[in-house]
Amino acid sequence: MIWLIGNQGMLGRELAKKLEITGTDFVGTDREIDITDYKALEVGAAGRKFRWVINCAAYTAVDKAESDTGLARLINAVGPENIAKWCHVNDAKLIHISTDYVFNGQATSPYTENDPVSPESVYGQTKLDGEINIRNMHDKHFILRTSWLYGIYGKNFVKTMITLMNQKTELGVVNDQTGSPTWAGDLANLIAEIVAKDSQTYGTFHFSDSGEVTWYDFACQILLRAKELGLVGGECQLKPLRTEDYPTAAKRPAWSVMSKNKVTHVFGFAIPDWKDSLDIYLKETLAGDII
Ligand SMILES: NC(=O)c1ccc[n+]([C@@H]2O[C@H](COP(=O)([O-])OP(=O)(O)OC[C@H]3O[C@@H](n4cnc5c(N)ncnc54)[C@H](OP(=O)(O)O)[C@@H]3O)[C@@H](O)[C@H]2O)c1
């Protein structure tokens, strides 16, 4: 049996869908079992035997975290520590999701799992603290760092772009931050595969879709395909911006491409191309009319 924590979030809902389709037994919880309260985890899981725990719960408001440090730390650092403790006491394997924001973005070649971390935002620091707490608490963990996540169930860059492209005739998008988009469906597939294989190759892994783009490049492809599919009606001109032209509370890494060699080598998981995955997402959006 699997315990999916954070089942109401963007990734959590995508993963729940995947587990349902594959007929995998799981129990999903979200806010009703507060991960920042160890007792709540104990009470919530009482009477059940979970072999796997997947933590998709997090504080993900990157800019708000700069001024809401206490809560971000509780959810992103203390929460994972509590979950790891529960897994340790109950001998369950833990899959936890982390972020490319643990890096400072100064690299010039894809970040490997062994590269030094140096977060530049409160969100990145609290996510890193969560990783460290898990490693200190429980050996049987898989920490999956991902980047630029989007999916049909939550607020994200692709949805925001399509909404704005339908409202504006001109749109500025940052063109000096480079990374790799990740469709939540691809990450859900990887997680489901790790569980299905009952893997014991514990550790930290990087996963995103393949390719490296700026937010502006990403927006150009969204516009192209969304117009072809009829998700954007009128004309919208995209304008490349510099980071300093679009100030945000939290600093983002300028370059956060991660190497996927380890995840491919260890799990034999083929890394999907970001444009192909964007297409799947857009067609899914079109079919479900979720925007
Ligand atoms: N989104 C991205 O671009 C991105 C990029 C890299 C990595 N990640 C990581 O990927 C994972 C999934 O992200 P996501 O975008 O799917 O997140 P999300 O949509 O924000 O979902 C997180 C879920 O956790 C719940 N939650 C928050 N605090 C909780 C608590 N104390 N106890 C129980 N549940 C709680 C949230 O409830 P509320 O909605 O009520 O707060 C929400 O349902 C996270 O670990 C995130 O850090 C995300």
Side-chain angles (χ1 to χ4, degrees), residues 3-18 27-41 43-45 53-65 68 70-83 86 94-103 105 111 119 121-131 133-134 141-161 177 179-188 190-191 204-209 215 218 248 250 252-253 256-258 274 281:
W3 184 4
L4 169 56
I5 296 177
N7 74 333
Q8 296 303 310
M10 182 168 69
L11 176 62
R13 289 182 68 184
E14 194 76 49
L15 184 56
K17 186 174 75 180
K18 173 80 190 168
V27 170
T29 65
D30 203 82
R31 282 279 182 181
E32 69 278 17
I33 298 182
D34 183 357
I35 62 169
T36 69
D37 176 358
Y38 183 70
K39 197 85 204 137
L41 290 176
V43 171
V53 177
I54 305 167
N55 179 32
C56 297
Y59 184 109
T60 54
V62 175
D63 290 312
K64 201 168 157 217
D68 196 10
L71 187 59
R73 182 165 304 284
L74 258 183
I75 298 173
N76 289 344
V78 177
E81 183 177 27
N82 287 338
I83 295 170
W86 188 92
L94 170 61
I95 298 181
H96 173 76
I97 316 302
S98 192
T99 171
D100 56 328
Y101 284 19
V102 298
F103 297 113
Y111 283 106
S121 62
V122 169
Y123 169 75
Q125 184 61 55
T126 59
K127 291 294 289 183
L128 175 60
D129 292 343
E131 291 187 4
N133 291 344
I134 288 172
H141 67 256
F142 301 81
I143 294 172
L144 310 179
R145 290 186 185 137
T146 193
S147 60
W148 296 26
L149 195 63
Y150 66 93
I152 57 172
Y153 298 113
K155 263 181 71 182
N156 60 69
F157 182 77
V158 185
K159 265 189 199 179
T160 305
M161 283 296 113
Q177 290 171 25
S180 306
T182 308
W183 174 47
D186 292 329
L187 181 52
L190 171 66
I191 294 170
T204 301
F205 301 87
H206 288 174
F207 178 77
S208 68
D209 289 333
W215 291 110
F218 193 14
T248 53
R252 268 93 173 150
S256 68
V257 179
M258 299 187 292
W274 74 273
Y281 166 85

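As the structure lists them, so they are numbered: ligands from 1, and atoms in each ligand from 1. Numbering starts at 1 and runs along the sequence shown.
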Handout entry: With sequence neighbours excluded, residues passing side-chain contact (heavy atoms from CB on, under 4.5 Å) with S256
Key = D100, W148, P253
Exercise for the section: Please work out whether the ring planes of F218 and F157 are parallel, tilted or perpendicular, with thresholds of 30° and 60°. Expected result: parallel
Practice task
For W215, enumerate each residue passing the side chain to side chain donor-acceptor pair (under 3.5 Å) test, keeping only those at least two apart in sequence or located in another chain.
Solution key: Q177
In a simple table, one pair per line, please give the protein and ligand 1 atom names for every N or O pair closer than 3.5 Å, along with the distance.
residue, atom, partner, partner atom, Å
ligand 1, 3 (O), L149, N, 3.2
ligand 1, 16 (O), M10, N, 3.3
ligand 1, 16 (O), L11, N, 2.8
ligand 1, 19 (O), M10, N, 2.9
ligand 1, 20 (O), T60, OG1, 2.6
ligand 1, 24 (O), A58, N, 3.4
ligand 1, 28 (N), R31, NH2, 3.4
ligand 1, 31 (N), D34, OD1, 2.8
ligand 1, 32 (N), I35, N, 3.2
ligand 1, 37 (O), D30, OD2, 3.3
ligand 1, 37 (O), R31, NE, 3.4
ligand 1, 40 (O), R31, NE, 3.0
ligand 1, 41 (O), R31, NE, 3.4
ligand 1, 41 (O), R31, NH2, 2.8
ligand 1, 43 (O), G9, N, 3.3
ligand 1, 43 (O), D30, OD1, 2.9
ligand 1, 43 (O), D30, OD2, 3.0
ligand 1, 45 (O), I97, O, 3.2
ligand 1, 45 (O), K127, NZ, 2.7
ligand 1, 47 (O), Y123, OH, 2.6
ligand 1, 47 (O), K127, NZ, 2.9

Handout entry: Residues that W3 engages under side chain to side chain donor-acceptor pair (under 3.5 Å), provided they are two or more places apart
Key = T29
Problem - Side-chain (T182) to main-chain (L149) donor-acceptor, under 3.5 angstrom - result: no
Problem - Plane angle bin for Y123 and Y101 - parallel if under 30°, tilted between 30 and 60°, otherwise perpendicular - result: perpendicular
